[in-house]
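Some notes on the structure that comes next.
Proteins come first, then strands; the chains are lettered A, B, ... in the order of their sequence lines, and each starts at number 1.
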Protein chains: 2
Amino acid sequence: MELRHLHAFVAVAEERSFSRAATRLRVAQSAVSRTVQALERELGLPLFERSRHYVELTKTGHATLDSARAALAAAEAVRDAARQPCPAACPQPSTTPR
Amino acid sequence: MELRHLHAFVAVAEERSFSRAATRLRVAQSAVSRTVQALERELGLPLFERSRHYVELTKTGHATLDSARAALAAAEAVRDAARQPCPAACPQPSTTPR
DNA sequence: CAGTGTTACGGACGTCGTAAAAATC
DNA sequence: GATTTTTACGACGTCCGTAACACTG
């Protein structure tokens with residue numbers, strides 16, 4: 001599983017459309033389709049109910065959506081945590097040149 | 001940022017060694033080195049203080065480690081969430097027109 | 001000199017975008 | 001008939017492992 005998969009999944013779920021999700025993600029529709037397929041294949045369960053003109057979350061998809069958002073948020077938190085040094089006192093190893 | 005980066009980062013932090021982390025992750029040492037480098041480059045901050053024989057977390061590394069673990073756990077949670085349908089009541093999208 | 005991390009190189013795998021096809025409304 | 005998703009294909013990029021290198025203790 002990769003963050004890219006989750007991004008695609010959430011985008012499709014929110015847009016209820018592969019093409020709109022692709023626009024939002026700035027990639028081709030086919031890329032979104034393949035990425036979601038890969039995630040479904042990895043989970044072994046379908047996440048979307050596809051008809052030609054409608055996309056809908058399956059039961060599994062609903063159950064997964066919140067966790068996916070949480071995981072993406074957690075990844076963002078990593079970025080933020082790196083930017084902000086420890087609030088109080090953190091042992092700073094003096095910059096030793098290699 | 002990718003989950004692979006975080007896995008490598010956490011492994012090195014816990015093992016305090018690139019080579020041991022590589023063994024745990026079942027990849028070559030060079031792969032771990034490059035992966036951590038990529039993460040540091042993306043964050044724009046060093047995560048480890050490297051001497052030839054010792055690896056130590058920088059201040060930034062310390063601040064980041066917990067978030068990284070949390071993100072990995074969140075990714076695992078996605079997998080679990082997919083397996084378990086909604087605990088109570090979940091709207092089953094049999095035919096919910098948009 | 002033994003052990004560790006980094007860099008170079010070559011190959012393999014994956015992903016992308018374009019384009020064509022299938023199917024629904 | 002228009003729109004949307006999926007699949008095929010070719011090209012590009014990325015990542016890996018091996019191996020050589022640099023350096024520390």
Side-chain angles (χ1 to χ4, degrees), chain A residues 1-58 60-61 68 72 75 93-98, chain B residues 1-58 60-61 64-65 68 72 75 93-98:
Chain A
M1 174 157 33
E2 298 176 23
L3 261 33
R4 185 173 50 86
H5 296 160
L6 301 181
H7 266 117
F9 165 54
V10 171
V12 173
E14 290 180 353
E15 298 287 345
R16 288 197 299 281
S17 158
F18 282 74
S19 51
R20 282 195 295 272
T23 302
R24 183 209 284 192
L25 298 172
R26 311 259 186 186
V27 295
Q29 295 89 332
S30 60
V32 178
S33 175
R34 282 176 304 218
T35 301
V36 172
Q37 276 179 22
L39 181 57
E40 290 175 319
R41 189 165 50 243
E42 183 176 342
L43 295 176
L45 296 164
L47 295 170
F48 292 107
E49 195 83 35
R50 296 148 164 95
S51 72
R52 297 302 172 199
H53 280 259
Y54 295 102
V55 172
E56 191 120 20
L57 282 168
T58 62
T60 302
L72 293 174
S94 62
T95 56
T96 311
R98 12 175 294 170
Chain B
M1 175 161 26
E2 298 176 23
L3 261 31
R4 183 173 51 86
H5 295 159
L6 301 181
H7 266 118
F9 165 54
V10 171
V12 173
E14 290 180 354
E15 299 287 345
R16 286 197 301 280
S17 158
F18 282 74
S19 51
R20 281 195 296 271
T23 302
R24 183 208 285 191
L25 298 172
R26 312 260 187 185
V27 295
Q29 295 89 331
S30 59
V32 178
S33 176
R34 282 177 304 220
T35 302
V36 172
Q37 276 179 23
L39 180 57
E40 290 175 318
R41 189 165 50 244
E42 183 176 342
L43 295 175
L45 296 164
L47 296 169
F48 292 107
E49 196 78 36
R50 297 144 163 97
S51 74
R52 295 303 172 196
H53 281 258
Y54 295 102
V55 173
E56 190 129 16
L57 281 169
T58 61
T60 302
T64 308
L65 183 54
L72 293 175
S94 54
T95 310
T96 313
R98 19 177 276 168

Indicate yes or no for a side-chain donor-acceptor contact from B:Thr58 to the backbone of B:Pro46 under 3.5 Å, with no hydrogens or angles considered.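 Answer holds: yes.
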Charged N-O contact under 4.0 Å between A:Arg34 and A:Glu40: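 Judged by the 4.0 Å cut-off on N to carboxylate O distance, A:Arg34 and A:Glu40 do not form a salt bridge.
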What I want to find out is whether B:Glu14 reaches B:Arg24 closely enough, with some N-O distance under 4.0 Å, to be called a salt bridge.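 Salt bridge: yes.
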Within this structure, what is the [atom1]-to-[atom2] distance between [X] and [N], rounded to whole angstrom?
X       : N      : atom1 : atom2 : answer
B:Arg41 : C:dT7  : CZ    : P     : 10 Å
B:Arg50 : D:dT24 : CZ    : P     : 15 Å
A:Leu47 : D:dT5  : CG    : P     : 15 Å
A:Glu40 : D:dT5  : CD    : P     : 13 Å
B:Gln29 : D:dC16 : CD    : C1'   : 13 Å
A:Phe48 : D:dT4  : CZ    : P     : 16 Å
A:Tyr54 : D:dT3  : OH    : C1'   : 11 Å

Below 4.0 angstrom from OP1 or OP2 of D:dT6, is there any side-chain N or O of A:Ser30? no
Can you find an N or O donor on one side and an acceptor on the other, under 3.5 Å apart, linking the side chain of [X] with the base of [N]?
X       : N      : value
A:His53 : D:dT4  : no
B:Ser51 : C:dT4  : no
B:Arg34 : D:dG17 : yes

Among C:dC16, D:dT7, C:dT6, which nucleotide has an atom closest to any side-chain atom of B:Gln37? C:dT6
Could you identify which residues of residues 1-26 of chain B place a heavy atom less than 4.0 Å from some atom of DNA chain C, listed by residue number, or say none?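 Residues of residues 1-26 of chain B under 4.0 Å from DNA chain C: B:Ser17, B:Phe18, B:Ser19.
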A:Leu39 versus A:His5, closest heavy-atom pair with distance: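 Minimum heavy-atom separation between A:Leu39 and A:His5: CD2-O, 4.0 Å.
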